[in-house]
Amino acid sequence: MKILRPTVLALVCGLLLATANRQMHGVIDDNRRLHEERVFYGMVDGADLVATPAGWEISRQGQLIGYLKETTTPRGYNGDITLLVAYSTEGIILGVRVSHHRETPGIGDIIETGVSDWIHGFKETGFEGTGAESTQEIDAVSGATITTRAVIQAVAETVQP
Amino acid sequence: MNARTITRDGLWRNNPALVQLLGLCPLLAVSGSFATSLGLGLATLFVLTAANLVISLLRSQLDEETRLPVQILVIATFVTLADLSLQYWFFELHQRIGLFVALIVTNCTLLGRAEAFASRNPVAAAVLDGIMMGLGFLLVLLVMGSVREILGRGTLFAGLDRLTGLPDVSMTFADSGFLLMILPPGAFLTLGCLIALKNLVDGTNDGEAR
């Protein structure tokens with residue numbers, strides 16, 4: 001019965017991992033939520049967020065002031081770029097963050113907040129007709145043209161009425 | 001095998017990254033900055049030591065036919081534990097290196113040490129071998145991470161505070177760096193230079209010995 005000992009060992013390992021997962025998944029889920037919330041609340045300046053099927057509603061003192069939506073564009077230089085876009089009910093952008101991307105480190109990662117301030121340039125812009133500077137007018141970055149254009153396009157489409 | 005030989009093998013003479021050239025995937029992919037290098041190096045050190053310990057304990061119970069699958073099973077168990085622990089204590093760091101933590105299981109250094117050393121040696125020697133091989137790998141990762149971060153980004157220890165919860169000790173030398181060093185070619189160039197440097201040092205030593 002050569003197979004007996006490995007089988008017992010596999011059962012022990014499985015049990016160990018199941019126990020560890022059971023003990024840890026609560027905190028891990030909290031960590032994930034905290035991480036997301038830190039990103040979210042940083043974008044909306046401490047306003048309240050209520051989850052809805054289409055994303056989140058941003059409200060301050062019970063009053064609806066805008067929406068937060070997640071959007072994914074396939075037009076990145078290296079696959080999908082996932083963005084979080086917060087904008088007011090008038091269509092003015094409150095903030096944009098990249099939540100997932102696989103752009104080239106050192107070039108395309110200019111869209112990350114830790115790397116450059118470029119993404120903050122979206123703040124206070126909007127689609128035409130809102131009176132604010134047009135989102136489409138944000139400058140792409142030479143060297144990272146495809147990446148930055150993809151982000152600009154995706155943000156503009158998200159806030160489009 | 002005495003402790004001195006094991007230590008010297010792991011850290012220098014048989015270094016997993018510079019001599020055995022095992023585990024190149026994480027070595028090249030994660031060594032873009034000091035902080036990520038430290039995270040993955042420590043995770044590998046933990047898994048290597050723990051797996052060596054358990055495999056050495058089990059060595060009299062295992063026969064030729066089932067030894068390899070059992071070794072993989074033990075390694076995979078510890079990798080999963082390391083993955084869970086990182087998400088538990090260092091979630092931000094896990095966001096950055098999570099993909100490569102799961103890939104530790106395919107790091108040939110681990111199976112190599114389990115098969116070549118831990119399954120034939122007593123527990124104390126196997127644990128020491130795990131620690132020293134892990135440290136050897138960690139040190140090379142740290143050197144590569146530092147060199148690539150300094151040359152490629154003009155910073156050192158950037159993000160260490162955010163990723164690990166340690167105090168912020170980041171330094172900035174320049175606003176921008178030599179981009180190539182951050183990209184994959186920079187990893188190969190740095191590793192090549194390190195191997196050449198090691199061979200140069202070894203060559204000189206041999207000459208003196210003779």
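Naming convention: chains lettered A, B, ... in sequence-line order (proteins, then strands); numbering from 1 in each chain.
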Legend entry - Atom pair CD1/CD1 of B:Ile182 and A:Ile107 - distance to nearest 0.5 Å: 11.0 Å
Legend entry - Engaged part of B:Arg153 at the chain A interface, taking heavy atoms whose separation is under 4.5 Å: side chain
Inset, instruction - Take A:His25 and B:Tyr88 through the test side chain to side chain contact (heavy atoms under 4.5 Å, CB included) and record every step on the way to the result. - result: CA-CA 8 Å; A:His25 86 267; B:Tyr88 192 89; over 6 Å; no
Inset, instruction - Measure B:Leu179 against the heavy atoms of chain A and call it side chain, backbone, both or neither at under 4.5 Å. - result: side chain
Legend entry - B:Arg67 atom CZ: more than 12 heavy-atom contacts under 6.0 Å: yes
Legend entry - Atom pair CZ/CG of B:Phe90 and A:Asn31 - distance to nearest 0.5 Å: 11.0 Å
Inset, instruction - Please flag which part of B:Leu58 lies under 4.5 Å from any non-hydrogen atom of chain A: side chain, backbone, both or neither. - result: side chain
Inset, instruction - Would you mind checking which part of A:Asp29 comes under 4.5 Å of any heavy atom in chain B, side chain (CB onward), backbone (N, CA, C, O), both or neither? - result: neither
Inset, instruction - Would you check if A:Leu9 and B:Val74 make a side-chain contact, meaning some heavy-atom pair closer than 4.5 Å? - result: yes
Inset, instruction - Look up atom CG in A:Leu15 and atom OG1 in B:Thr77, then write down how far apart they are to the nearest 0.5 Å. - result: 11.5 Å
Legend entry - CZ on B:Phe91 to CZ on A:Arg33, rounded to 0.5 Å: 11.0 Å
Legend entry - Interchain contact, B:Glu65 with chain A, by part (heavy-atom threshold 4.5 Å): side chain
Inset, instruction - State whether the number of non-hydrogen atoms from other residues, nucleotides or ligands found under 6.0 Å of B:Arg120 atom CZ is greater than 12. - result: yes
Legend entry - Engaged part of A:Asp30 at the chain B interface, taking heavy atoms whose separation is under 4.5 Å: neither
Legend entry - A:His35 NE2 to B:Glu92 CD distance, which is reported to the nearest 0.5 Å: 5.0 Å
Inset, instruction - Report, as yes or no, whether the 6.0 Å neighbourhood of atom CZ on B:Phe188 holds more than 12 heavy atoms from other residues, nucleotides or ligands. - result: no
Legend entry - Atom group of B:Leu81 that falls short of 4.5 Å from chain A, counting heavy atoms: both
Inset, instruction - Select one option (side chain, backbone, both, neither) describing which atoms of A:Leu16 are under 4.5 Å from chain B's heavy atoms. - result: side chain
